[in-house]
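The structure appears below as structure tokens.
Everything numeric here is computed off the predicted structure, so don't read it as measured data. Throughout, protein chains are lettered first and strands after them, A, B, ... in sequence-line order, and every chain is numbered starting at 1. Just so it is clear, the values below take in all heavy atoms, side chains as well, and ignore hydrogens, waters and symmetry mates.
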Protein chains: 2
Amino acid sequence: MSKCQSCIIKEFNALKSLTRDELMRVSACKTGKLYKKGEVIFEEGETINGVYCVKDGVCKLSKLSENGKDQVVKLVVKGGLLGKRSLVSDQKTNLSAIALNDMEMCFIPKSEIMSDLSKNPKFTMDVLKEMANDLKDSDDSLVDMAQKSVKTRMADILLYIHDNFGTDDEGYLSIILSREDYAGIVGTATESAIRILSQFKKEGYISTKGKRIKIEDDKGLKWIE
Amino acid sequence: MSKCQSCIIKEFNALKSLTRDELMRVSACKTGKLYKKGEVIFEEGETINGVYCVKDGVCKLSKLSENGKDQVVKLVVKGGLLGKRSLVSDQKTNLSAIALNDMEMCFIPKSEIMSDLSKNPKFTMDVLKEMANDLKDSDDSLVDMAQKSVKTRMADILLYIHDNFGTDDEGYLSIILSREDYAGIVGTATESAIRILSQFKKEGYISTKGKRIKIEDDKGLKWIE
DNA sequence: TTTAAAATATGATATTTGTCATGTTATTCT
DNA sequence: AGAATAACATGACAAATATCATATTTTAAA
């Protein structure tokens, strides 16, 4: 297993504030793991005892609602941390994490990080900042969910994925999701998600190839309401 | 101005982890202020340079959506802190805070707290915990907003207010909100909010006296879908 | 490759929610 | 108190979205 010091992950997240020594200690006890598409990393109700660090792949953080539908709260890609909240609270997690494609992750036990949290103020500050940012994003999504139409939210998520996770060499969104996942993100019925994507295609905003999606008219998408 | 050491507020929030000395320094430079019902405490887009501490009254944290409606993200009562995020990030706030009734607050400049944040690990940990909790709440609300019906959300908020903020001596919810505010919390049109409350009244779940609301059948409300 | 299963697509229809109009009841101000 | 204003209420209708049914296509498995 590669050492944390040389792992690109440390460029992206709060781990970058750890000193060389701290990183060495962490890398000595972290465990790496591979997850296949669809595999559950952790489930709501579980007690997580550390943070997961995404080295490759994408996963969704979601919660099962009472009507049995899976609502996606956040997509996490390379460089993201899962389970930050577990560092701070002993409560069970309220979210599930499920791999959307094959993933490579490492797990750092809470015990290893806690000492850094109290001793390395820069690291603590970075965790605080990431959490503050998650909170802002979540609040913003809440407002969008409450006030925007399903069609607008779908346009938004397509643009979001495009802008944040990029495209492959043919211009297709590099994150490939099922229509059911899109429905889970947007918060609508799968049929509605399918219908809206079909409509976008018909109107020339996007094109598709299998389940891959290419944005053809981002300005048009931006103005959908 | 009363000193922080003797203020009940310190029992409720992250300030409780400050040492006596830290509290004394903070109390020396905090400024107290009264806000009238409807008054704006801060508005989205502003840069806040500290935290507000609610000593009395209720306010809403909300965000104006593109369609011109005010979406409430959180209600904050005695003991709550506003502007936690400003301690950690220099970004402008994404939310507005508006008093829902007459309020008493104190403001603690960021500069006064920052040194404690880096020196007092227990205090930092408490801020982290509060933020983690806000994040959990926000994610949960997001899922509810996406998956529950307007009627269910309305029932939920009535029960939430009842359970978290209590009732007056006659049994009416101690927080008094306009129908428009309810609409803003639930994320629906004002007319819909009115209609649903009327229906709840007709069906015996609640009773009203002016704009005051009393829950008559909490079990019934819990089962609405 | 063939077959079974899953994902996508689309129509028909029901339900939920929003919008506009209009009337009624409370509040506030003088 | 009386007028003005804001808040509440409700009907009629339109629009958005969900649900159910049923093809079609794609993907996975034998």
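When the side-chain nitrogen and oxygen atoms of Ser198(A) are compared with OP1 and OP2 of dT8(C), none of them lie within a distance under 4.0 Å. For dG18(C), neither phosphate oxygen OP1 nor OP2 lies less than 4.0 angstrom from any side-chain nitrogen or oxygen of Lys69(B).
With no hydrogens or angles considered, a side-chain donor-acceptor pair links Ser207(A) and Glu216(A) at under 3.5 Å. Asp140(A) and Asn94(B) are linked by a side-chain donor-acceptor pair at a separation below 3.5 angstrom, with hydrogens and angles left out of the test.
dA9(D) atom P lies 14 Å from atom CD of Glu180(B), rounded to whole Å. Remark: C1' of dT17(C) and CE of Met145(A) are 17 Å apart, rounded to the nearest angstrom. Summarising the geometry, the separation between CG on Leu197(B) and C1' on dT17(C) is reported as 15 Å, rounded to the nearest angstrom. For the pair Lys209(A) NZ and dT26(D) C1', the computed distance is 15 Å after rounding to whole Å. Rounded to whole Å, the distance from CZ on Arg212(A) to P on dT8(C) is 14 Å. At whole-Å resolution of the value, OH in Tyr182(B) and P in dC8(D) are 10 Å apart. Nucleotide dT8(C) holds its P atom 15 Å from the CD1 atom of Ile196(A), rounded to whole Å. To the nearest angstrom, P of dA16(D) lies 13 Å from CD1 of Ile224(A).
Thr190(A) comes within contact range of no nucleotide atom at all, as no heavy-atom separation falls under 4.0 Å. Among the heavy atoms of the strands, none lies under 4.0 Å from Lys148(A).
Checked for salt-bridge contact, Asp181(A) and Lys60(A) meet the test: a charged N lies under 4.0 Å from a carboxylate O. Electrostatic pairing of Asp156(A) and Lys148(A) counts as a salt bridge here, judged by a charged N lying under 4.0 Å from a carboxylate O.
Nearest to the side chain of Ile194(B), among dA7(D), dT19(D), dA9(D), sits dA9(D). Distance from the side chain of Ala189(B) is smallest for dG18(C) among the nucleotides dC8(D), dT10(D), dG18(C). The listed nucleotides are dT19(C), dT10(C), dA9(D); the one nearest the side chain of Arg179(B) is dA9(D). Nearest to the side-chain atoms of Ser192(A) among the listed nucleotides dA9(C), dT17(D), dA7(C) stands dT17(D).
The line from NZ of Lys211(A) to CZ of Arg179(A) is 8.0 Å long, rounded to the nearest 0.5 Å.
Nearest-nucleotide assignment on DNA chain C puts the 5′-proximal partner with Val150(B), out of Lys37(B) and Val150(B). Map Glu191(B) and Glu225(B) each onto its nearest nucleotide of DNA chain C; the residue landing nearer the 5' end is Glu225(B).
End-to-end axis angle of the helix from dT1(C)-dA30(D) to dT30(C)-dA1(D), using five pairs per end and rounding to 10°, comes to 50°.
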task = Could you walk me through whether Tyr182(B) and Ile213(B) pass the side chain to side chain contact (heavy atoms under 4.5 Å, CB included) test, one step at a time?
result = CA-CA 12 Å; Tyr182(B) 276 108; Ile213(B) 295 177; 3.7 Å; yes
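Partners of Asp90(A) under the salt bridge (charged side-chain N to carboxylate O under 4.0 Å, His left out) rule, at least two apart in sequence or in another chain, are Lys110(A). Partners of Lys214(A) according to the side-chain hydrogen bond (donor to acceptor under 3.5 Å, both in side chains) rule, which considers only residues two or more places apart in sequence or in another chain, do not exist here.
Judged by atom type and distance alone, Arg195(B) reaches the base of dT19(C) through a side-chain donor-acceptor pair under 3.5 Å.
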